[in-house]
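Residue numbering restarts at 1 for every chain, and letters A, B, ... go by the order of the sequence lines. FYI, side chains are in, hydrogens and waters are out, and symmetry mates aren't considered; it's all heavy atoms of this structure.
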Amino acid sequence: MTGTRSRTAARSSSARAATRLGRAFFDRPTVRVARELLGARLRVRVGRTVREARIVETEAYLRDDPASHAFRGPTRRNRSMFGSPGTMYVFRIHRVVCANLVTRVGEAVLLRAGAIVGSDPASGSGPGRLCRALGITIADDGADAVRGSRVAVRRRAGPRPRIRVSRRIGIRRAADRPLRFYLAGDRAVSHPHVA
DNA sequence: GAAAAGATTACCT
DNA sequence: GGTAATCTTTTCC
């Protein structure tokens, strides 16, 4: 039994390493990363358990983008956005937190919604709800999703999904830019009707 | 120092 | 569809 479990663990560890998205994935143009994160799995270790969501909705925040928290350069709050590709930028808004994955310096992808695996899929509909469902907190700000032990992103499995594009949700500045991406028809998408 | 603004959500009518 | 909740960071005097 022990031997079997050990062998199984070794194999799944190797498979996990093979499917985990690396630095190079995030070190690419932000819009491309935002699109390719759709369908990927976001895994968060919470104590002894692992929570997982299939990402269904993202938004890109660019360097030359008045809506981005990094627009005016590094501050104490946004310093994670200037970290390595794959760094988590988590910020607080009202009573919730929202999570981003950093791409290139000063740019990031906001994780707007995910279908929670093994639970109510719609409980991750919305950036604050996604973080709450996965157990992401402000303490995860600055964490490394590439090499870190708490958060990891796994490559999308399966065929290329059908992606829809719209303006971003809930912002005032640069509101017309088509920088929101989501899976067509997915129940966990937070604002299905925004064009 | 004080005040305003928010990449939101839940609950109201 | 509108609005209150809630609190940190940023910005302005």
Inset, instruction - Going by the side-chain contact (heavy atoms from CB on, under 4.5 Å) test, name the single residue among A/E57, A/R112, A/E59, A/R132 that passes it with A/P127. - result: A/R112

Inset, instruction - Would you check if A/L37 and A/V109 make a side-chain contact, meaning some heavy-atom pair closer than 4.5 Å? - result: yes

Legend entry - Pairwise side-chain contact, A/D186 with A/R54, heavy-atom cut-off 4.5 Å (strictly under): yes

Inset, instruction - Assign a letter to each nucleotide of nucleotides 5-13 of chain B from its 5' end: B, base within under 4.0 Å of a protein heavy atom; S, sugar-phosphate only; -, no contact. - result: -BBBSS---

Legend entry - Distance below 4.0 Å between A/T75 side-chain N/O and C/dT9 OP1 or OP2: no

Inset, instruction - Check for a donor-acceptor pair, side chain of A/D65 on one end and backbone N or O of A/L62 on the other, with a separation under 3.5 Å. - result: yes

Legend entry - Residues A/Y89 and A/H69: side-chain donor-acceptor under 3.5 angstrom: yes

Inset, instruction - Go through DNA chain B and write down every stem, that is, every run of at least three consecutive Watson-Crick or G-U wobble pairs with distances under 3.5 Å, as range with range. - result: B:1-6 with C:7-12, B:8-12 with C:1-5

Inset, instruction - Would you please say whether a donor-acceptor pair under 3.5 Å links the side chains of A/T19 and A/R155? - result: no

Legend entry - Under-4.0 Å salt bridge between A/R129 and A/D120: no

Please write out the pairs of protein N or O atoms and N or O atoms of nucleotides 1-4 of chain C separated by less than 3.5 Å, giving the distance to one decimal.
none

Legend entry - The single option from A/V189, A/V165, A/L110, A/T58 passing side-chain contact (heavy atoms from CB on, under 4.5 Å) against A/R180: A/V189

Legend entry - A/R43 bridged to A/E52 by N-O distance under 4.0 Å: yes

Legend entry - Whole-Å P distance, C/dA4 and B/dA4: 16 Å

Inset, instruction - Compute whether any side-chain donor of one residue and acceptor of the other, for A/S80 and A/D141, lie under 3.5 angstrom apart. - result: yes

